[in-house]
Amino acid sequence: MTPFEPAVWLPEGKKAAVCFHIDDIHPGRSSDPYEAGGDMQDGALGLVEALLERHPKLQVTLFTTADWREISPVPTRKVLARVPWVSERVYLADIHPKGTMALDRHPRFVSYLQNLPRTEIALHGLHHIHKGPRIPVEFADLPRSTCRAMLAEALGIFSKAGLARPTGMQPPAWDLSAELAQAMADIDLQYACGARDILSPIEDNALTAMSGPRGVPLFEPAWIANGRLLHIPTNFQATSKLERAVAIIERGGLLSVKGHIIKNAMGHISADGIDRLYTNFLDLLFTILEERYGDDLWWTTPAELASQTVARREGLS
Ligand SMILES: [Zn+2]
């Protein structure tokens, strides 16, 4: 269980909130092992652009990896994977050489991202790889000081690419350890998207019990890491039902919608991969919410939500 304190987060005049965020953005193109935004308007991000055009209040957060090195999300070196001790200490699949997908080496991609309307570009790890059998859990088992150094390196790449300093991160594979949360606060990040729970029923005081941190509020932001970091849960994706969104909003919660930019990673299909079917569903969902709730809804981003919540807490103390 992750200890937390409730946060006062909803602005005056709003009854509930919506945010939409997409993971794994990096310059990978369809000529690479898979497309991850690198085809720009001709790829998955073109579908996101169309959604932004149709919903003028909608904002999107692109959780972007500073220097993506993952190729396969699962081990492909099967023999090595069976060798005890060694298997924990090597990469069990091919990876991109360092710098291949570094944002500062892809200026056209970066300038495309910067010109998207109502788009927050936030952090999604440094390389998105880890030694051993669970490849994407980049920060797993690492001490606070190592996490801090990796975060600093990632922020350095963002800065070299000319991107604004992100104020938060979705850790790869939902893996937000207590050490990582403290490291994020140490370098003045304000928020972490950590837990994903698209299964637990929406009821009063519901807590997360699926991927990432357990025991934090399922549909409200909350303070973690001794009050130093705002946790923002994910509670909705492509396979969720409209009723779940309505239940969250009726309880005055944050409807937090996740997508993954890569639909098909070497044969591994994401249920919430951004494709035409998912963006059509979101188009319908957002249209219904706008019609039903109008100005009662706050269409926000994790960064905006965190900065206002931090400011409000400072004003109260
Ligand atoms: Zn990821």
Side-chain angles (χ1 to χ4, degrees), residues 19-29 32-38 43-45 48 60-75 91-96 100-103 109 113 120-142 147 150-151 153-155 157-158 166 168-177 180-181 184 189 191-198 208 210-213 231-239 256-275 278 302:
C19 66
F20 174 40
H21 32 92
I22 306 172
D23 288 5
D24 298 343
I25 310 288
H26 66 271
R29 306 164 63 154
D32 294 309
Y34 36 79
E35 204 265 329
L45 285 177
V48 177
V60 67
T61 297
L62 302 179
F63 284 113
T64 306
T65 304
D67 177 17
W68 179 277
R69 297 185 65 194
E70 181 182 307
I71 294 177
S72 169
V74 298
Y91 294 111
L92 292 174
D94 288 341
I95 51 176
H96 288 298
T100 310
M101 294 287 170
L103 295 172
F109 175 67
L113 295 184
E120 177 206 351
I121 300 158
L123 253 189
H124 187 51
L126 170 61
H127 298 309
H128 210 283
I129 48 168
H130 189 272
K131 290 173 181 166
R134 291 162 64 228
I135 292 176
V137 292
E138 181 160 30
F139 297 94
D141 317 319
L142 297 179
C147 292
M150 289 163 71
L151 292 170
E153 193 178 341
L155 290 176
I157 293 170
F158 267 62
M169 177 168 82
Q170 166 77 64
W174 323 100
D175 199 81
L176 178 64
S177 64
L180 175 59
M184 288 176 68
L189 293 179
Y191 76 87
C193 286
R196 169 185 59 169
D197 187 337
I198 48 165
T208 59
M210 197 183 137
S211 327
H231 177 266
I232 297 175
T234 290
N235 47 41
F236 196 92
Q237 70 162 30
T239 51
S256 183
V257 181
K258 178 66 82 190
H260 279 82
I261 201 70
I262 305 159
K263 181 70 195 172
N264 181 348
M266 316 284 288
H268 298 273
I269 308 292
S270 281
D272 64 350
I274 297 292
D275 60 3
Y278 190 11

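Any value given below was found using the heavy atoms of this structure, including those in side chains, with hydrogens, waters and symmetry copies removed. We're numbering straight along the sequence, starting at 1. First listed ligand is number 1; within each ligand, the first listed atom is number 1.
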Quiz item: Below 4.5 Å, heavy atoms only, C-beta onward: do Phe109 and Leu103 meet side chain to side chain?
Solution: yes
Quiz prompt | Non-hydrogen side-chain atoms of His128 and Asp24 separated by less than 4.5 Å | solution =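 In short, these two side chains touch, coming nearer than 4.5 Å.
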Quiz item: Do Ser256 and His21 get their side chains close enough for a donor-acceptor pair, meaning under 3.5 Å?
Solution: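 His21 and Ser256 do have a side-chain donor-acceptor pair below 3.5 Å.
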Quiz item: Do Arg196 and Thr234 have a side chain donor and acceptor closer than 3.5 Å?
Solution: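 Distance-only check fails for Arg196 and Thr234.
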Quiz item: Are there any protein N/O/S atoms under 2.8 Å from the Zn ion (ligand 1), and if so, which?
Solution: Asp24 OD1, His124 NE2, His128 NE2
Quiz prompt | Backbone of His96 reached by a side-chain donor or acceptor of Arg69 within 3.5 Å | solution =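 Looks like yes, one N/O pair under 3.5 Å.
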Quiz item: Is the backbone N or O of Ile71 less than 3.5 Å from a side-chain atom of Tyr34, with the two atoms forming a donor-acceptor pair by type?
Solution: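 Flag set: sc Tyr34 to bb Ile71 pair under 3.5 Å.
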